[in-house]
Visitor: 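Pasting a structure below so you can have a look.
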Protein chains: 2
Amino acid sequence: MRDAGGIGRPGPVRRPRAVDVAARAGVSVATVSFVVNGKAEGRVSPATRLRVLDAIAALGYVTDASARALATGRRRQVALLAHDMTNPFTAQVAAGAATGIAEATDGTGHLLLLLAAGLDEPDVEPVGAATVDGVLINYPGTLPAGRPDLPVVHLDDPAAGGHQVSLDVAVGARELARHLADLGHRHVVHLDSNRPWSTFAERRAAFADEFARLVPGAVVTDDRCDIDLAAARDHAAQRAEGWRRSGATAVVAATDVQALGVLAGLHGAGVAVPGQLSVAGFDDIPFAEVSAPPLTTVALPARELGHRGAVLLAQVIEDPAAPPGEPVVLPAHLVVRGSTGPATDLIR
Amino acid sequence: MRDAGGIGRPGPVRRPRAVDVAARAGVSVATVSFVVNGKAEGRVSPATRLRVLDAIAALGYVTDASARALATGRRRQVALLAHDMTNPFTAQVAAGAATGIAEATDGTGHLLLLLAAGLDEPDVEPVGAATVDGVLINYPGTLPAGRPDLPVVHLDDPAAGGHQVSLDVAVGARELARHLADLGHRHVVHLDSNRPWSTFAERRAAFADEFARLVPGAVVTDDRCDIDLAAARDHAAQRAEGWRRSGATAVVAATDVQALGVLAGLHGAGVAVPGQLSVAGFDDIPFAEVSAPPLTTVALPARELGHRGAVLLAQVIEDPAAPPGEPVVLPAHLVVRGSTGPATDLIR
DNA sequence: CTGTTAGCGCCTTCAA
DNA sequence: TTGAAGGCGCTAACAG
């Protein structure tokens, strides 16, 4: 069973255990545990504590995570359930979550990423196996049943109940609608994603509502494609002609990845942006700033979304009984760049 | 200590344990263990096995990962140590590693990401705490001492010893040198990263060597900046004038993120690409294809790097004693797009 | 083919 | 202030 240390003599690279530290410091394992876990206060004399600390340093002792987890019931790990971490937005959420969880747990907590490339099912086994103390969900509808008590925080999923931190996408969408209305646009194509997530429904609804309110006879044509650069590029290249022919003068994509793909597709199709067609997106990923033309987009605080989510999750883990409370809502705002301009006259 | 189930009566949401399954199926825990771990063959009768399986399904039993880890010494988790997962290259490596580890372990293995934003130290505590069975390193020089026996696979770090999977960046760099030489360039600025990693040194050396070999009187000016979109953009905007004045007609960046930043910076400075300055990078991240102009770059198989690395790591974990063997080297090749063109005449 | 049992390493209550 | 000891849930010898 044991696979290190051989039988009898001290193997070559056996990690030291609490007993070893105790022996070297001349104390019991309980004392070591107290010192290690910062519970020495009032239980262990300063002198003893120092001896233990010395022994730990000398031996290079590090508490075994599995053993501790088994004993305490705490794994000190949380998962981030996300779709496609290759998407810069997701990557930033992850980065924010990583710093957030570290901060909220004094560096003792860690992030386990559960990804799902493309349309595959995410691998949620760790959740069931209690590998994590909680999960951050940025991928609606993927939490497995069977663990109804697990601490969960939903990210940017307004339709979800429970603990959540969301984005005020509606406000941003309305700003964008006003911006396009001001530029004289009357007919815009709304390029949605293929995922039935509430955040996307909200983006579309708020935009369409405000646009219709501001522009008499406004037309919003619905279209959709995967949240993927190449997919959006090909889609746009193929539809460009039809969009213009239908009288549309702008394209609003549900995400920047799609918007950037559209930019590339239109470029390939010889459609000038914003000369012939304006383009805008949501997210404000870093690359939106360096595209040509730079992308007008509704900036969403991805990093903070992840950060706040992690901090909130840490609280929920700490006190699972506490009721959800008001959902945290992070602001969104329009960033106007070069991809949107005055509406052009129709082709004919 | 226990925090679920209260005392005595069956708590509200206590997860079922192996004993519960055993009781329900009328067998011992050992039998349950065998069935769960696929070791029933020849030990448990098919009928018994089915009863156990039924009980597992009925109870919704899932083996506790911590307990299993403690008992087996296997954590079923590996870590990916990377710098800035916000970089698309890193994100793709991670995506590849995730599928690779899942594949190599039949879905029982998982990925733990250890990130390090900016210049911070990565959080390698999980490694010391034996939270993982091995680690994939894409961040040279960050593995902590104290666990010399830990299975490790180095990614794209030719200077590292041991198990590794690398990229043939030299071949790609030489192709790029030839491409620029053919276009008539004689003086190019090499925009390196600020990190002293062997892969970057190799990119530069191979490029410079080949360029000098092909172009009589070739000049390669060294410059550097952080691997960050904004940093590269600002750097380029500021240096653009100087670069052109010095006679340089092309800029080769160590990574695509930097190259795209340069593109943005030059655009802002009113320098035409490739009209006045050609630009090229390394990686071929998805966004390189949709920039304007599309970026000429040395394509590096990020996804496969992660995938192969994970598969190799799984093998090393399986058989830690096996010697490293020939390092795996993945091919790199030049992808010519619109950001490079004929060398222009000097300004004066 | 199946049950019993001794750890895995740590935490924590209870005595001393 | 410190030590002894039970238990966390599972795996894998070892008996039967």
Visitor: Find out whether Arg51(B) and Val27(B) are in side-chain contact, i.e. whether some heavy atom of one side chain is under 4.5 Å from a heavy atom of the other.
Guide: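 They are in contact (side-chain heavy atoms under 4.5 Å apart), so the answer is yes.
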Visitor: Could you work out which one of dC8(D), dG9(D), dT2(D) sits closest to the side chain of Val44(A)?
Guide: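 Selected nucleotide: dT2(D).
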Visitor: Does OP1 or OP2 of dG9(C) have a side-chain N or O of Ser66(A) closer than 4.0 Å?
Guide: no
Visitor: Rounded to whole Å, how long is the line connecting atom CZ of Arg75(A) with atom C1' of dC10(C)?
Guide: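 In whole Å, dC10(C) C1' lies 13 Å from Arg75(A) CZ.
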Visitor: Atom CZ of Arg76(B) and atom P of dT11(D): how far apart are they, to the nearest Å?
Guide: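 Arg76(B) atom CZ is separated from dT11(D) atom P by 8 Å.
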Visitor: Of the listed nucleotides (dT12(C), dC10(C), dT11(D)), which one gets closest to any side-chain atom of Lys39(A)?
Guide: dT12(C)
Visitor: Choosing from dT2(C), dC8(D), dT12(C), which nucleotide comes nearest the side chain of Ser45(B)?
Guide: dT2(C)
Visitor: Please give, in whole Å, the distance from dG3(C) C1' to Phe34(B) CZ?
Guide: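 It is 10 Å, rounded to the nearest whole Å.
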Visitor: Would you mind classifying the nucleic acid contact of Val27(B) as base, sugar-phosphate or nothing, using non-hydrogen atoms under 4.0 angstrom?
Guide: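 Result for Val27(B) = sugar-phosphate.
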Visitor: For the atom pair NE2 (His83(A)) and OG1 (Thr86(A)), what is the distance rounded to the nearest 0.5 Å?
Guide: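 Here the rounded value is 10.0 Å.
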Visitor: To the nearest 0.5 Å, tell me how far Leu80(B) CG sits from Thr90(B) OG1.
Guide: 8.0 Å
Visitor: dC8(C) C1' sits how many Å from Leu70(B) CG, rounded?
Guide: 4 Å
Visitor: Can you identify which nucleotide, out of dG3(C), dA5(D), dT2(D), has its nearest atom closest to the Thr31(B) side chain?
Guide: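 My answer, after comparing the listed nucleotides, is dG3(C).
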Visitor: Nearest of dT2(C), dC11(C), dG9(D) to any side-chain atom of Thr72(A)?
Guide: dC11(C)
Visitor: State which of dG9(D), dT13(C), dT4(C) makes the closest approach to the side chain of Ala30(B).
Guide: dT4(C)
Visitor: Using a strict cut-off of less than 4.0 Å between a Lys/Arg side-chain nitrogen and an Asp/Glu carboxylate oxygen, indicate whether Arg75(A) and Asp64(B) qualify as a salt bridge.
Guide: yes
Visitor: Compare the minimum distances between each of dG9(C), dC8(C), dT4(C) and the side chain of Ser28(B), then state the nucleotide with the smallest one.
Guide: dT4(C)
Visitor: What is the distance from atom CG of Asn138(B) to atom CG of Leu114(B), rounded to the nearest 0.5 Å?
Guide: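 That separation rounds to 12.0 Å.
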Visitor: Over how many whole Å does the gap from Arg74(B) atom CZ to dG9(C) atom C1' extend?
Guide: 18 Å
Visitor: Which nucleotide wins on minimum distance to the side chain of Ser33(B), given the candidates dT2(C), dT11(D), dT13(C)?
Guide: dT11(D)
Visitor: Can you work out whether Thr63(A) or Arg43(A) has the more 5'-proximal nearest nucleotide on DNA chain C?
Guide: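 By nearest-heavy-atom nucleotide position, the 5'-most residue is Thr63(A).
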Visitor: In this structure, how many angstroms lie between the P atom of dC8(D) and the CG atom of Asp20(B), rounded?
Guide: 12 Å
Visitor: Counting side-chain heavy atoms from C-beta on, which of dG9(D), dT11(D), dC11(C) comes nearest to Arg17(B)?
Guide: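 Shortest atom-to-atom distance from the side chain points to dG9(D).
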